[in-house]
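Worksheet: the structure to be examined is printed underneath.
Read the numbers this way: they start at 1 and go in the same order the structure lists the ligands and their atoms. For the single chain, residues carry numbers from 1 onward in sequence order. Side chains are part of it too, since the values below use all heavy atoms of this structure and drop only hydrogens, waters and symmetry mates. Everything quoted here is computed from the prediction, not taken from an experiment.
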Amino acid sequence: MGGAPRTTVWDMDPHTQAKHELLKTYLGGWFPILSTYNGRIVFLDGFAGPGRYKGGQPGSPLIALETLLDHSYFPSMTQREFLFIFCEPHKGRADNLRAELQDLVQRRAPWPKNVKFDVIDDDFEGTARSILATLATQKANLAPTFAFVDPFGVSGLPMEVLANLMAFDRCELFVNYMVNPVVRFATAENIDDCLKGLFGTTEFLKAPAQGREKFLHDLYERQLKDVCKFSFVRSFGMKNKTGNTIYYLFYGTRSLKGLEIMKDAMWKIDPGGGYRFSDRLAGQDILFTEEDLIPGPLRNALASRFKNTTVTIAQIEEFVLVETPYRKAHIRKQALTPMEKARTITVKRPGRSGFPPGTTVTF
Ligand SMILES: C[S@@+](CC[C@H](N)C(=O)[O-])C[C@H]1O[C@@H](n2cnc3c(N)ncnc32)[C@H](O)[C@@H]1O
C-alpha cells in the first residue's frame with residue numbers, strides 16, 4: 001500500500017523536501033512559543049524513518065533536532081527540556097537512525113543536557129498506547145507535544161489513538177494523509193478495518209463514485225475536529241504536475257497563533273519541480289504561491305461572509321485565518337485596499353490610513 005520501499009534507505013521524492021522545509025519553518029516558530037510557557041516539550045515523530053535518504057538528505061528526526069539546536073533563541077531556552085521521540089519498527093531503519101543520531105551528537109559536542117531523544121523500536125500505535133498507559137498510571141498529563149505522523153500508507157494511525165494522545169493541552173498534530181490508497185480502496189472492502197481505524201468511523205463506505213476524493217478528505221477533516229477535538233484543522237494538498245493531489249498534510253491545533261505560523265510557512269515554501277501546495281475555497285483551488293496569488297476568492301469570501309454588516313479588523317483576521325487558505329498578510333493589500341477603492345466597503349479607522357487595530361469595516 002502506498003508504494004513503500006523495501007530497502008533501509010531510499011531516494012527522496014522531490015516533494016518530500018517541501019514537506020521537510022515546512023516542518024522546519026513551522027518548528028522554528030513553534031519551539032520558542034511553547035518554550036515560553038512550559039518546562040518540557042515533546043516532538044513525537046510517529047513514523048521516523050532511517051534518518052537520512054540515499055542521496056544524503058536529512059530525514060525528519062535530524063531536521064527537527066537541528067532546527068532546535070540552530071535556533072537563535074536556543075541559548076536562552078536552557079531551563080526547558082526538549083524530548084524527541086522517534087518510532088521506527090523496521091530494525092534496519094531504526095539502527096540507521098540511531099547511527100545518524102550518534103553522528104549528530106558527535107558533530108554537535110558538547111551535546112546540550114536539556115535535549116534528549118529516544119529511538120523506539122515499535123510502531124506508532126504501540127508507542128502511543130504505552131505513553132498513554134504510563135500517563136494514566138501516573139495520573140499525569142502529556143507535555144505539549146507536536147506529533148508528526150508521516151506514514152507510507154494508511155495503516156497504523158488510528159483516529160482513536162490520535163484523539164487520546166492529542167487530548168492534552170497544547171498538543172498539535174501534523175499528519176500526512178495519502179490520497180491514493182484511501183480513494184482507491186474506500187469501497188473495495190479489502191482494507192475496511194484499516195480504513196475504519198484511519199477515519200474512526202465506517203462512513204468512508206458511503207464515498208460516492210463522483211467527488212470521492214473530496215468526500216473522504218472532508219470526512220477526515222471532520223473527524224479530526226469532532227474526535228480529536230481540534231478547534232482548527234486545515235489541510236494542504238501536495239499537487240503534482242498533472243494537477244492530481246498526492247497527499248494532504250492535515251494540521252490540527254487549538255491555537256490561533258499556531259495556525260498563523262503554519263499558514264505563513266505554507267505560503268513561504270515553493271516545492272518546485274511542478275509541485276504545488278494547494279487548498280480550496282468555495283470549490284476553487286488556491287495554489288500557495290505568492291506570485292500566482294489570485295485574490296478574487298478572498299474578496300468574494302469576505303463580501304459573502306460579512307454582507308451588510310460592520311465588523312472589526314480582528315474579526316476579519318480571524319475569519320481569514322481559520323476559514324480560508326489565505327494568510328493574515330494578504331488581507332490588507334489583496335482584499336481591503338482594492339475593495340475600499342472600488343467602494344464595496346467603507347472603512348472607519350482610528351488613524352489616517354491603513355487598517356490598524358480599532359478599524360471597523362462595513363461590507
Ligand atoms: C514515509 S517514511 C518516514 C519518513 C520520515 N518521516 C522523514 O520525513 O524523513 C515512513 C516510515 O515509517 C515506518 N513505519 C512503517 N509502519 C510503521 C508503523 N506502524 N509505525 C511507525 N512507523 C512505521 C517505515 O519503516 C518508514 O521508515
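Residues that satisfy the ring pair (Phe, Tyr, Trp, His ring centres under 6.0 Å) test with H90, not counting sequence neighbours, are absent from this structure. Scanning for side chain to side chain donor-acceptor pair (under 3.5 Å) contacts around Q223 gives an empty result, with sequence neighbours left out. Residues satisfying the side chain to side chain donor-acceptor pair (under 3.5 Å) criterion with N176, sequence neighbours excluded, are D150.
In this structure, Q210 places its CD atom where only 12 or fewer heavy-atom neighbours from other residues, nucleotides or ligands lie under 6.0 Å away.
Between E66 and the options R108, H71, K24, a side-chain hydrogen bond (donor to acceptor under 3.5 Å, both in side chains) holds for only R108.
Contact annotation: the side chain of F47 approaches that of F124 to within less than 4.5 Å [non-hydrogen atoms, C-beta and beyond].
Listed by chain and number, W10, H20, G46, F47, A48, G49, Y53, G59, S60, E88, P89, H90, R93, D123, F124, F148, D150, F152 each place a non-hydrogen atom less than 4.0 angstrom from ligand 1.
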